[in-house]
Amino acid sequence: MTTITLRDTASPSGARPATAAGQGFRTATGGMIDRRRPLDFTFDGHRYGGFQGDTLASALLANGVRLVGRSFKYHRPRGILTAGSEEPNALVELRSGARREPNTRATVAELYEGLEASSQNRWPSLKYDVLSVNALAAPVFAAGFYYKTFMWPSALWEKLYEPLIRRAAGLGRAAHAPDPDTYDKAFAFCDVLVIGAGPAGLAAALAAGRAGARVILVDEDHRTGGRLLADRREIAGRSGADWAADALAELASMPEVRILPRTTLFGVYDHGAYGAIERVGDHLALPPAHAPRQRMWRITAKQAILAAGAIERPHVFGGNDRPGVMLAGAVRTYLNRYGVLPGRTVAIFTSGDDGWRTVTDVSAAGGQVAAVIDSRSSIPADLRRAAEAVGARVICDGYVTGTKGHLGLEAIEVVDTYGSRQTIACDCLAMANGWNPIVHLDSHLSRRPVWDETIHAFVPGALPSGMVAVGAAGGAFTLASCLETGGRAGAEAASACGFASAVPETPRTDPESLAHTPLWRVPVSKGKAFVDFQNDVAASDVELAHREGFRAVELLKRYTTLGMATDQGKTSNLAGLGIMAELTGQPVASVGTTMFRPPFTPVAIGAFAGHHRGKDFRATRHVPSHAWCEEQGAVFVETGLWLRPAYFPKTDETDWLKTVNREVNTVRAHVGVCDVTTLGKIDIQGRDALAIIERVCANPFGTLPVGKARYAVLLREDGFVLDDGTVARLGESHFVMTASTANAAKVMQHLEFCHQWLWPELDVQMVSVSEQWAQYAVAGPRARDTLLGIVDPGFDISNEAFPFLACADVTVGGGIPARLFRISFSGELAYELAVPAAYGDAAWRAIMAAGSAHGITAYGSEALSVMRIEKGHAAGAEINGQTTARDIGLGGMLAKKKDYIGRLMKERPALVDPDRPILVGFRPVDRSQRLRAGARFLAIGAAPSLAADEGTMTSVAYSPSLGHWIGLGLIRRGQERHGTRVRAYDPVRDGDIEVEICSPVFVDPKEEKLRV
Amino acid sequence: MSDGIETTLRPRSAWAGIAPVGRHGRPGGEPGLTLTLREEIGLATLIAVKGRTDALRQVLHERFGWSLPDTGTTSLTGERGLVWCGPDQWLALFETRREMAGLVQALQGLAAVTDQSDARAIVRVSGPDARAFLAKGLAIDLHPRAFQPGQVAVTALAHMGAQVWQRDASPAYDLAVARSFAGSVWSWLSHAADEFGYDVRNAEPVAQPRG
Amino acid sequence: MRIRCPHCGTRDNGEFSYLGDAAPARPDGMEAQPAAMHDYVYLRDNPAGPHRELWYHGAGCRSWLVVDRDTRTHEITGVSSARDVALSRRTGEVA
């Protein structure tokens, strides 16, 4: 910095400064910082000192650091505009390494020992930034620049424009390492939610809390009190800050009141649901051990009181973004709360009485007030006198038209009522252009704010029932009205929740005046006059949008990016609307306002995820044999939420296919066991149990005797297949239905829909028993021999007594109740044995022991899949929501004489079109070639085109039984074309091979193995 | 299960290999939570046969001394009794599985009885921080003004199905989840309980008379 | 959104899943006509305003519910058990 000696106190070499001595702009006394607790921190590698209670912004200002960042588009030097979460400029990267977080607001980042911060959007350094040449090309970057410029030639888009834009775009750098912190979530319920702990919120919480209501009070600040901490005010003869401290102490003593400081209410949702983020450990170098960094609250409230306050408006004039130009309220915050002089010589530019409050505060803190420029033509005499008493020049009916200074403010240019211009030296300019109630939260539910002409601001419109806005958030700007509306709302909210309450008396406050005439922009100013600091939107961009017809507020916003990005236009929105109102010659009320969306301030993605990341991103379900599978070194695969063993490699098996081939061969030659617990199992009982099964299944069940199971196919009402499974009849009116792993929950929901909504008159009792039973498929020629070793003697499971499709209750292992089903997915002699899940682990081990003499292998989902493809059984790839029973070869088994779900719609012409692709088998003509699922079928010689497409390969496997690849697929008129050849065209993987259409049953087509 | 089973098969707890017994989380001081792993409880779903709810109520009272709980409530004496779980549906709880013998017969024609003893993993959550802990995963209001001993909710815990009923005002809750989810539930539990410090224990074994 | 399940009390909408319009009645039985079935499966009004719709309390008591909701404001004016609604519809048919 060349002109002002502010930075002299900071050592550029990074040497440690004497903490207190380094803070040249710290007042000698005052402020709510703890001067006994000095803290060191670094900014862009330089070391500085601050105190406990500082924010990064207040500590930087205390050290005379005004330049903290570069702007988004033009890379203009920027400083600190505000003292709160509305800050558009002072966005910094906090921390380093894996904890580096971009775009944090210096104005809300609490200082802690060792804090590391760095500026953003600059290279090679904050002071000398290469891309600041963008500012010279500013006319090029005006509103609509991207839309107009990067249209043509289109060939340049991918090669030039996109990489260029991507390099220049964005603010800050995200961390590249996994986030080492933990995040928590919690639900909270209350009668009355109070959002904001300023005077209105405190009064509301007190009134509701005293009535006995359950109250949650949230405030984004770490210290409650709001503007009472920032302005020197009096309530009931005491300082406002003392009153706030007492209020907090009383609230803390109430058992039903929960106070959440450092908590931002970021979203309002339907029916009294709210989202809030609590920064549990962000004010510390590291989150405390065993505590999360942040906690996401989902709050449900019967009544909500919005007391979020208001945001001050900047003036729009040339150079209003120069570091040192600040909001007047922020200047007072730094003076009164943090004991920091934002400048030694302060000028004040105001359009209302409120800005004059800054005069005495600056003066009391030892600063010089150079001038007060008021845009109004008349000003109260007492204000003028007070300013003149401290030596300030007073300019009435004047404007600030420009600023000077290299990387920070050195002087302002002023024009007075006579048009005469002067330059006034100052290092800080305080702007006071009135306040906007924070209407963000109440517009989250599409409630559009309405214009209030008396306070020249948008105020909440009609709010949902149970929600009220009070204090400044409701447009009641005086301290007295904050306390009054807050107290009343607190009492009324408690009453609405059934608590006896009385509207409290409003304590007496010091006098104040809010007279104000807003100035949407300074009419005569030079240079870029910024409306939206964060998006670099200037008044000239609004003019351009107006000229080009983007006048409606929603278009203005999208065309110029006004009010977008992380600050959602908190400081900027109204100025843009005001200028558009001027240009179109209509009142602001007619221009209207855009809406605000959640979140109110940015929320880390990690906080939304909470515990649910990495392996906990979603739940994992384990099969009963899981422990054994892990011991055996099984390779697992995710199937929905389930983690299933895919295959069990032996030590010498380096290739998965080798393992799967061994498993298949062993099953086909000897015996294997597979955990099929993942299937859905639904217990169906009752007088009408059969009736509901008949209506939900497309094939007939009336003839199913007790002790038998049958394959079942379920359709959707639109005629497509929903799922397939089995139904076993355990008793006259007792059935158990299985559903596929993927559709288990869906089928249960479907059955409940049918029972509760379609046919409530049926006497049926259904419950899922999926979790109760471990179920194991034991398959292969030695399956029965194996089972004889675990099923208790006394149960005859011979082929005669227990033939194919039999089912029975048995006991295993000496009395453990079990269910045995003779069903087969592999095509082998096979059983499914169900045992209570707690015995699943032991039963599995017992089966392995019983089968060891017979050469048993455990097999996983891969071998299971190979064997079902060898047998031509349709599974998920074929039952994909787009196929009918006819498509997958099940048309013949459908019932003719009963009504069932999907009966009529499956007959629609397109679904019975003979040209519809139908399930058949495929094998490569050259048997050494590999098949690929997803390949499209084309006639040999046909050019690939949509019209030539004949179907798709749905499932493929290497068949160890046949020694080559086989496939299942859906192809036009497939059943008539066995023996003919087509192309399996797979351009994505460079596949284009000839395949032969064949029966989908590749192994044991006569089913000789099944029934022995 | 009837007496006199001489099985060689040993049941495996739903929490086996998942929930390590001992003190965890924030060290020092009294733990905020105690998580007691419940084992060997007998559980069965009762679903009333259409139109037989009153008769069911009567038989349950006469044969077991149980009253059929209203919507959203439990009717428990010690570790036995009934927990509501849906319209015309209840969960019958027994201290041991063997006590369940005879239930199906007793309720023949009145309710479908389905054994669910192995379908759930159950943990008892107690201690001064029990409410704050459960509030991290259950989207229901557990404040004493809203939820008290004798109340039950069927809901979700961190996106996983769960049923929770309050045992006493200390407060203590029983939390039941699907068995196959036990690993993920415990992963959530240990994350959420970390800040409070927690003790994991096995339930006191029930004295099993050998016949 | 929060929905008051008649069995479980008011719960977050994450516990529920949405099906759609509760008005269409399934044309049951062997005598049902394809045209009527087509309308039942596909034809729906899409009102901006009050709407009777089916929701499923899948993460709770597993009840199907009939919810009266204003599609513009999400205001819910009534929730009943679908089974009760269906039974009373049947009674209405008989009467």
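Chain naming here is simple, since letters A, B, ... match the order of the sequence lines and numbering starts at 1 in each. Computation of the quantities below employed the complete heavy-atom set of this structure, encompassing side-chain atoms and omitting hydrogens, waters and symmetry-equivalent molecules.
Neither the backbone nor the side chain of B:Val177 has a heavy atom closer than 4.5 Å to any heavy atom of chain A. A:Pro760 touches chain B through its backbone: at least one of N, CA, C or O sits under 4.5 Å from a heavy atom, while the side chain does not. In this structure, chain B has no heavy atom under 4.5 Å from any part of A:Ala289. At a 4.5 Å heavy-atom cutoff, the contact between B:Thr45 and chain A is made by side-chain atoms alone. Contact annotation for B:Leu134: neither backbone nor side-chain heavy atoms come within less than 4.5 Å of a heavy atom of chain A. Heavy-atom distances place both the backbone and the side chain of B:Ala158 under 4.5 Å from chain A. In this structure, no portion of B:Leu142 lies under 4.5 Å from any heavy atom of chain A. The part of A:Trp642 that comes within reach of chain B is its side chain, from C-beta onward, which places non-hydrogen atoms under 4.5 angstrom from that chain. There is no contact between B:Ala14 and chain A, counting heavy-atom distances below 4.5 Å.
Looking at heavy atoms from C-beta onward, A:Cys190 lies out of side-chain contact with B:His143 at the 4.5 angstrom threshold. Side-chain contact between B:His159 and A:His612 is present, with heavy atoms from C-beta onward closer than 4.5 Å. Using a 4.5 Å cut-off on side-chain heavy atoms (C-beta onward), A:His290 and B:Pro27 make contact. Residues A:Leu641 and B:Phe181 form a side-chain contact, since some pair of their non-hydrogen atoms from C-beta on lies under 4.5 Å apart.
Nearest heavy-atom pair across A:Tyr839 and B:Leu9 is CE2-O, 3.6 Å. Of all heavy-atom pairs between B:Arg145 and A:Glu256, the closest is NH2-CG, 3.4 Å. The two atoms that bring B:Ile47 and A:Met766 nearest to each other are CD1-O, 3.3 Å, heavy atoms only. Of all heavy-atom pairs between A:Ser768 and B:Gln116, the closest is O-NE2, 3.1 Å. Closest approach of B:Arg179 and A:Ala838 over heavy atoms only: NH2-CA, 3.3 Å. Closest approach of B:Ala139 to A:Phe187, counting heavy atoms only: CB-CE2, 3.5 Å.
Options B:Gly137, B:Ala192, B:Gly17 differ in how many heavy-atom pairs under 4.5 Å they form with chain A, and the most are formed by B:Gly137. Residue with the most contacts toward chain A among B:Asp194, B:Val49, B:Asp141: B:Asp141 (heavy-atom pairs, distance under 4.5 Å). Of the listed residues B:Asp88, B:Val185, B:Thr114, the one with more heavy-atom pairs under 4.5 angstrom with chain A than any other is B:Thr114. Note: A:Arg214 leads A:Arg214, A:His626, A:His622 in heavy-atom pairs under 4.5 Å with chain B. Between chain B and the residues A:Arg298, A:Arg295, A:Arg687, the largest count of heavy-atom pairs under 4.5 Å involves A:Arg295.
The backbone N or O of B:Ser117 sits less than 3.5 Å from a side-chain atom of A:Gln772, completing a donor-acceptor pair. Panel note: side chain B:Ser184, backbone A:Thr620; a donor-acceptor pair is recorded below 3.5 Å. Looking only at distances, no side-chain donor or acceptor of B:His191 sits under 3.5 Å from a matching main-chain atom of A:Gly610. Looking only at distances, no side-chain donor or acceptor of A:Glu771 sits under 3.5 Å from a matching main-chain atom of B:Arg120. A distance-only check finds a donor-acceptor pair linking the side chain of A:Asp763 to the backbone of B:Lys50 [under 3.5 Å].
Considering CG of B:Asp115 and CG of A:Asp683, their distance stands at 10.5 Å, rounded to 0.5 Å. Atom CH2 of B:Trp188 sits about 8.5 Å away from atom NE2 of A:His611, to the nearest 0.5 Å. The NZ atom of B:Lys136 sits 3.5 Å away from the CG atom of A:Asp184 when rounded to the nearest 0.5 Å.
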When you look at B:Arg10 and A:Arg845, which way does the side-chain contact (heavy atoms from CB on, under 4.5 Å) test go after all the steps?
CA-CA 11 Å; B:Arg10 291 280 160 263; A:Arg845 291 172 199 270; over 6 Å; no

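Surrounding CZ of B:Arg201 are at most 12 heavy atoms belonging to other residues, nucleotides or ligands under 6.0 Å away. With a 6.0 Å radius and a threshold of 12 heavy atoms from other residues, nucleotides or ligands, A:Glu631 has its CD atom above the threshold. Counting non-hydrogen atoms of neighbouring residues, nucleotides and ligands closer than 6.0 angstrom, the CZ atom of A:Arg613 exceeds 12 such neighbours. For A:Glu638, the CD atom is loosely surrounded, since the number of other residues' heavy atoms within 6.0 Å does not exceed 12.
Among residues two or more places apart in sequence or in another chain, the side chain to side chain contact (heavy atoms under 4.5 Å, CB included) test is passed with A:Ala745 by none.
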